**Student:** 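Structure incoming, see below.
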Amino acid sequence: LATSTRRALAEHKLALSGLAGFLPHRVCGGETARGKPHPDPYLAALGLLGTPAAATWACEDSDHGVRAAHAAG
């Protein structure tokens, strides 16, 4: 997960939704030098996943997120 939401709120929302177990690797708002629309959150998430960008999907709900995912490859 690469989100602009701060960790405490992101963890809370993941727990409420039942998705926490499906997204074990998380990069949250404020945890990278630059946030979206820069690629930093996505690059950090790719590092945690250990997968190349070309083999990884991004699902976004904002223009900034789409630009960040695209910039990360």
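In this text, all values refer to a predicted model and were calculated from it rather than measured experimentally.
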**Student:** Starting at CG of Leu14, measure out to CZ of Arg26 and round the result to the nearest 0.5 Å.
**Tutor:**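 Going from CG on Leu14 over to CZ on Arg26, the span is 5.0 Å.
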**Student:** Let me see the working for Thr56 and Leu46 under side-chain contact (heavy atoms from CB on, under 4.5 Å), right down to the final yes or no.
**Tutor:** CA-CA 8 Å; Thr56 308; Leu46 288 169; 3.6 Å; yes
**Student:** Say whether Phe22 and Leu1 are linked into one hydrophobic cluster, either directly or through other cluster members, by side-chain heavy-atom distances under 4.5 angstrom.
**Tutor:**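 As far as the 4.5 Å side-chain criterion goes, Leu1 and Phe22 are connected within one cluster.
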**Student:** Any idea which heavy atoms bring Ala20 and Ala15 closest together, and the distance?
**Tutor:** CB-N, 4.3 Å
**Student:** Measuring only between side-chain heavy atoms, which start at C-beta, is Tyr42 closer than 4.5 Å to Glu60?
**Tutor:**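 Result yes, sub-4.5 Å side-chain heavy-atom pair found.
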**Student:** Please name the pair of heavy atoms, one in Pro41 and one in Ala2, separated by the smallest distance, quoted to 0.1 Å.
**Tutor:** O-CB, 3.9 Å
**Student:** Taking salt bridge (charged side-chain N to carboxylate O under 4.0 Å, His left out) as the test, write out the residues that go with Arg7, two or more places apart.
**Tutor:** Glu11, Glu31
**Student:** Check whether any side-chain N or O of Lys36 sits under 3.5 Å from a backbone N or O of Ala69 as a donor-acceptor pair, and report yes or no.
**Tutor:** no
**Student:** Residues two or more places apart in sequence or in another chain: which of them pass side chain to side chain contact (heavy atoms under 4.5 Å, CB included) with His25?
**Tutor:** Leu48, Leu49
**Student:** For residues 15-24, pull every pair meeting side-chain hydrogen bond (donor to acceptor under 3.5 Å, both in side chains), keeping only residues two or more places apart or in separate chains.
**Tutor:** none
**Student:** Can you tell me if His64 and Arg67 form a side-chain donor-acceptor pair at under 3.5 Å?
**Tutor:**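 Checked: His64/Arg67 side chains pair up, N/O donor to acceptor below 3.5 Å.
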**Student:** Of the non-hydrogen atoms in Asp40 and Ala33, which two are nearest, and what is the gap between them?
**Tutor:**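 Shortest heavy-atom contact: OD2-CB, 4.1 Å.
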